[in-house]
Amino acid sequence: MTLTLAHWLYFLVTLAVILTMIFKKGVVLPTLLGTFLVAWVYKGSLVGGFTSVFNANLTAAKELFSIFLIITFMVALLQSLKDLGADKQMISPIKKVMKNGHIAYFTLVAVTYAISLFFWPTPAVPLICALLVPAAVRAGLPVMGAAMAVALAGQGMALSSDYVIQVAPGLSATAAGIDQALVAQKALVLSLVAGIVAILLGYLGFRKHMRKSDDPIIEKELILLQSKQDEAGKNKPVHQGVKSKFFAILVPLSMLAVMIFMIYTKLSGGRMGGFEGGDGAAFIGGVAVLLLALATLTKDKSEALERISEHITEGFVFAFKAMGPVIPIAGFFFLGSGDFSASILSLGDQASPAFLFDLVQAGQTVIPENMVLTAFGILLIGIITGLDGSGFSGLPLTGALSGALASNSVDPSTLAAIGQMGSIWTGGGTIIAWSSLVAVAGLCGVPVMDLVRKNFKPVIIGLVISTIVALFIW
């Protein structure tokens with residue numbers, strides 16, 4: 001394979017993207033310009049460069065739009081539950097379980113993980129912090145411990161696998177050119193390994209600081225916690241009646257039934273026979289749509305036609321705010337794949353270039369073929385790409401590199417899952433202050449940099465152990 005000027009341009013832009021992420025800046029502009037330059041040079045046409053930029057974004061949007069839809073419907077469902085007050089009803093009984101600080105910590109972990117799997121941490125965090133964190137603090141859990149539990153379980157363990165909504169494995173798999181279900185399965189296992197290690201290390205770090213229920217410090221922390229949540233405007237009273245109780249039971253049972261069905265089809269269908277990946281996300285999305293319609297009609301039949309449109313609009317706004325910047329980034333890395341470059345460059349029946357894969361193939365002589373170095377290299381790149389504070393924008397890069405660097409000793413789905421761990425545990429909101437971790441810290445009334453320092457060591461150790469586990473079992 002002879003490397004052309006377009007290949008070297010692609011390499012330089014990729015390097016620029018990584019450096020931009022290291023300096024905690026956005027990478028949308030470099031990827032847009034990079035797509036234009038690479039296409040212009042490869043086609044030898046200025047007009048071809050312009051059309052390729054548009055085609056790259058269009059191709060990425062087509063591939064990723066199902067992700068936007070599932071986010072939209074899940075967020076819209078949560079908004080309809082808020083109208084009924086059912087969101088609070090769903091978790092209020094859990095307060096009674098929190099007998100002491102130790103139980104409160106692991107209860108917060110379990111509830112945050114479950115809710116974040118289905119609704120993502122960003123919309124779930126205000127609900128958990130408003131209802132369960134005060135109860136946990138009252139039981140004797142230090143507020144910093146509560147903040148760690150929410151961040152590690154939600155924005156770390158749940159988001160890094162994203163097993164239900166499957167945005168993250170979808171991005172990783174699409175960029176790597178492999179089956180989404182394979183990445184999702186491995187990411188789930190690695191997220192649990194990293195999460196359990198980090199959560200246990202976090203617990204061991206402050207278990208001696210648990211308080212008795214009559215400790216005067218508890219009241220001081222509760223007053224500060226309440227003032228922070230009042231400032232955020234999260235405590236708006238909603239009338240709770242029979243309707244809210246009904247949906248507080250119906251929605252969790254419906255989602256539990258979905259998960260049981262998906263597990264059943266996986267067990268009965270063999271290694272590749274599960275109702276998962278894109279089909280699984282579509283199944284969950286369809287159930288969410290019907291629950292959304294039912295909840296909106298139950299709230300107020302006369303306003304249901306307008307209200308459901310508002311909920312879906314809110315869902316789309318949330319989805320595009322969270323995922324919009326990923327489209328041009330994905331477009332650039334799709335250009336590096338032979339599966340997508342033909343449509344982006346409008347080549348028709350001509351042979352399509354695979355810039356990234358060609359570069360890796362040409363560099364095989366200087367890149368040591370060692371699965372340990374490859375796996376930890378992908379993990380490090382994932383961590384670096386997560387420094388932008390998103391967690392998702394780096395997945396097209398880690399996915400594409402996983403497909404290119406895979407060998408007989410380590411397959412691309414394993415590498416993609418490892419890269420996904422590094423990117424989302426970092427940028428998703430556990431160890432950098434300019435991520436959504438600031439929302440957890442703000443709602444819990446703790447300094448965000450203190451929370452970063454508390455999380456850092458457990459998270460890094462968890463990621464290292466999960467990578468070692470991946471190399472042993474796959």
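As the structure is a prediction and not an experimental result, all values here were calculated from the model. Residue numbers count from 1 along this sequence.
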Exercise. Do the side chains of Lys454 and Asp450 get nearer than 4.5 Å, heavy atoms only?
Worked result: no
Exercise. How far does CD1 of Ile383 sit from CD1 of Ile431, to the nearest 0.5 angstrom?
Worked result: 6.0 Å
Problem set entry | Which residues share a salt bridge (Lys or Arg N to Asp or Glu O under 4.0 Å) with Asp300, sequence neighbours left out | none
Problem set entry | Residues which pass side-chain hydrogen bond (donor to acceptor under 3.5 Å, both in side chains) with Asn100, listed by chain and number, not counting sequence neighbours | none
Exercise. Under the ring pair (Phe, Tyr, Trp, His ring centres under 6.0 Å) test, which residues partner Tyr203, sequence neighbours left out?
Worked result: His102, Tyr105, Phe106
Exercise. Which value, rounded to the nearest 0.5 Å, describes the distance between Leu117 atom CG and Ser191 atom OG?
Worked result: 8.0 Å
Problem set entry | Non-neighbouring partners of Asp411 that pass side chain to side chain contact (heavy atoms under 4.5 Å, CB included), sequence neighbours left out | Lys186, Ser413, Thr414
Problem set entry | Partner residues of Leu294 under the side chain to side chain contact (heavy atoms under 4.5 Å, CB included) criterion, sequence neighbours left out | Phe247, Leu250, Thr298
Problem set entry | salt bridge (Lys or Arg N to Asp or Glu O under 4.0 Å) against Glu310, all qualifying residues, sequence neighbours excluded | Arg307
For this session: For His209, check side-chain hydrogen bond (donor to acceptor under 3.5 Å, both in side chains) against everything at least two apart and list the hits.
Result: none
Exercise. Excluding sequence neighbours, so at least two apart, what forms ring pair (Phe, Tyr, Trp, His ring centres under 6.0 Å) with Phe320?
Worked result: Phe68
Exercise. What distance separates Met148 CE from Leu437 CG, expressed to the nearest 0.5 Å?
Worked result: 10.5 Å
For this session: List for me each residue that meets side chain to side chain contact (heavy atoms under 4.5 Å, CB included) alongside Ile465, sequence neighbours excluded, and say none if there are none.
Result: Val193, Val197, Ile461, Val469
Problem set entry | Pairwise distance CG(Leu397) to OG1(Thr31) - rounded to 0.5 angstrom | 11.0 Å
Problem set entry | Nearest-0.5 Å distance, CH2 of residue Trp474 to CG of residue Leu182 | 10.5 Å
Problem set entry | Leu58: partners by side chain to side chain contact (heavy atoms under 4.5 Å, CB included), with sequence neighbours left out | Phe54, Lys62
Problem set entry | Side chain to side chain, Ile260 and Leu256, heavy atoms closer than 4.5 Å | yes
Problem set entry | Listed partners of Arg207 passing side-chain hydrogen bond (donor to acceptor under 3.5 Å, both in side chains), at least two apart | none
Seminar exercise, completed: The side-chain hydrogen bond (donor to acceptor under 3.5 Å, both in side chains) partners of Asn455 (sequence neighbours excluded) come to none
Exercise. Would you say the side chain of Leu192 lies within less than 4.5 Å of the side chain of Met157, judging by non-hydrogen atoms?
Worked result: yes
Problem set entry | OG1-CG distance between Thr14 and Leu401, expressed to the nearest 0.5 angstrom | 7.5 Å
